[in-house]
Amino acid sequence: MVRGLKSLVADYRTRSASGYSGDSWAPFAKALDSAASVAADASATAPEVAAAKTALVTAADNLVAADAGTFQTITNDVFWNDTSGNPIYSQGGGVFRFGDTYYWYGVHYTGAELYRANPTRKYDGDVSFVSIPVYSSKDLVNWKFENRVATRSTSLGSGTTLGSAAWVGRLGVSYNENTGKYVLVVQAYLPSRGGDGVLFLQGDSPTDNFGYGYFQTQIVNSPTTGTGDQTVFTDDDGKDYLIFSNRSGRARAFVGKLRESDSLRVEPGVQIGYNASGREGNAMFKLDGKYYHAASDLHGWNTSVTHVIESTSSNIQGAYTSEYTLQGTEMDYSHVTQTGFFVTVKGTVQNAVIYAGDRWADFAWNGIGYNQWMPVTKSGARPQFHSVSQWQFNATTGEWRVGPQNNYVLNPNFQADRIIVPQVQGWANFRESGPSSIVTNVNGGANGSRFGLQIGATQSYAGGVWQQITVPAGTYALSLFARTSGSLSAAQVTVADASGNSRTYNVPASSGWSRRELAGIPLSAGTAIVTIRAASGNGYLFVDDLGLVKTSVDTQPTRYEAETGPAVCQGTIDSNHAGYSGSGFCNGDNATGAYAQFAVNMSAAGTATLAVRFANGASSARPANLMVNGSTVATVSLESTGAWSTWATKTLTVSLNAGSNTIRLDPTTAAGLPNVDCLDVGAVT
Ligand code: GCU
Ligand code: CA
């Protein structure tokens, strides 16, 4: 008897017709009803239950959502908890969608608890297996603990248990359409069962207690038994594959299909890539019809850029390109992680890929937080990784945006390198005078962290490091931990924006680590440069935990139409030239002083951007004074737009009072104003 259909039906019962298009709802409702009757039928056979499960999943996949979903916040660089407030311990696994729910499986090792309790040292090699927990979520952000699908006492038959394994890791789950079973595929070293291999456990529901299925030591075509690293990838058509490298050397990347009858074997591996230096953390994602195989450098759970090969046909086991670096992973080694796995979300607006990175190391001390998840989008021909410390994701629509607390500095803790280097990853050295090497990362960072940045020498010098980042316009706060030794003639952190404006924080002398902050830094949109500089005869500046967070809140600009009172138009409201917003525009009289005026309400006093929308079909500009609350604050040249139906926008920055403000465009020549459509008012600070 195959179980799990009842819980699948119950899961889908939480859907309501209002959330979906009518066309897609009808077949789904039918499949749900027939699945419910199979579930209620005690005499239903295993193939009938399996068929009902598969029919229901297929109908649900074909539903077209109508709702807009909500944005949920993903915060990296912290330890994650489940919805009950308990630590999430889930390493080297994957997220899989079954029914309407995402399930996250991974491994809980003892080192995870030790490091989380005291993250100021490393717990070398403490990878004793505790259990394989499963968490569930609808939004991929809030995870509810469900069960431990396997534990040390899970029986492997012949008197052995999973507790006898010398290694358990790198797992994923596939739903088998024929058996109706959920099959957990685990990399394992079982000394009493032939050594390295792939262990298959299975259950009737995603959160069942999984039981023994099979242990496969050799995958055909792999030069060695077992796998190097592995993940499970489920394609759009429901077919499941093991993505793996060979165990010894890990130079070859393979895709092996899980056999269709029961998912309890890996069929012969097809080699899709080769790199003599070895690759691990092998994982697959699919974006816009292409398969991408991603992997990290081979150095034991440590951070690296992400290496990608992409399919050149629609065949997952076909040809792939040569390897390239996933854009955006260079400056901070994939947000100080190794590739873990990818989650693909089919959104109603767009498809989204989440890179789920692993910062657990062996065991940790490369920064706070284990699971670091970042969005991957397509930028031009290739995928782009976004190294954000906080972002917001809408699992319904697939849309994402940078979070309000995002730290725009990359490798801000100088942890990415893992070893002492004379050139810290993501930061460029510069030298104004003195010895050639004045920069290094050093052991003993702030807050018990492993590394910090050191600038200095025993001789006279000046120089430091800089980093280029990209920021949206706004006001920012810079924070850092710093300490000094010896005397410094300069110790400063400077943030400069694309317009050439800069603010410098002068770091006070301090023998111990002190938190420092400079708020109110205005930055224009585009590239910004963060520079850490010191100068001295014999002294050192130490910096760690840099933060550059946007403190201003973006508000949608408010639109004021010229034809809508209390706006005033010294002329007529016309609608004879297309392209205006609202119901018309102000056609001012052709006379000096024939103004258009707006009444603008502000919730607080401050700087605001005014965007005037106008069309000027005359051949010459029509200048005007910009008057705010009776005073002329600027003169504006409203140039020819070439035609009366061609609208343009002129943006100005002004100071406004809290409450109501009168904004007037007052023409200074006899031609009067061009036609004025509307005014968009947005707050800057
Ligand atoms: C034309 C045009 C008007 C415009 C006027 C002007 O008559 O149709 O919309 O306001 O020129 O020159 O001001
Ligand atoms: Ca006119």
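Computed from a predicted structure; not experimentally measured. Order of listing sets the numbers, starting from 1, for every ligand and every atom in it.
Taking every heavy atom of H577 and a limit of under 4.0 angstrom, the matching atoms of ligand 1 come to 2 (C), 3 (C), 8 (O), 9 (O).
Looking at N616, V676, N675, N587 and measuring to atom 9 (O) of ligand 1, the nearest heavy atom belongs to N675.
No donor-acceptor pair closer than 3.5 Å links the side chain of K290 to the backbone N or O of S314. Side-chain atoms of N587 never come within 3.5 Å of backbone atoms of F585 as a donor-acceptor pair (strictly under, hydrogens ignored).
Residues in residues 622-652 take part in no disulfide (SG to SG under 2.5 Å) pair, two or more places apart or across chains.
Under 4.0 Å from ligand 1, the heavy atoms of N590 that appear belong solely to its side chain.
Polar contact with ligand 1: present for R622 (N/O pair, distance under 3.5 Å).
Between W391 and F393, a ring centre-to-centre spacing shorter than 6.0 Å is recorded.
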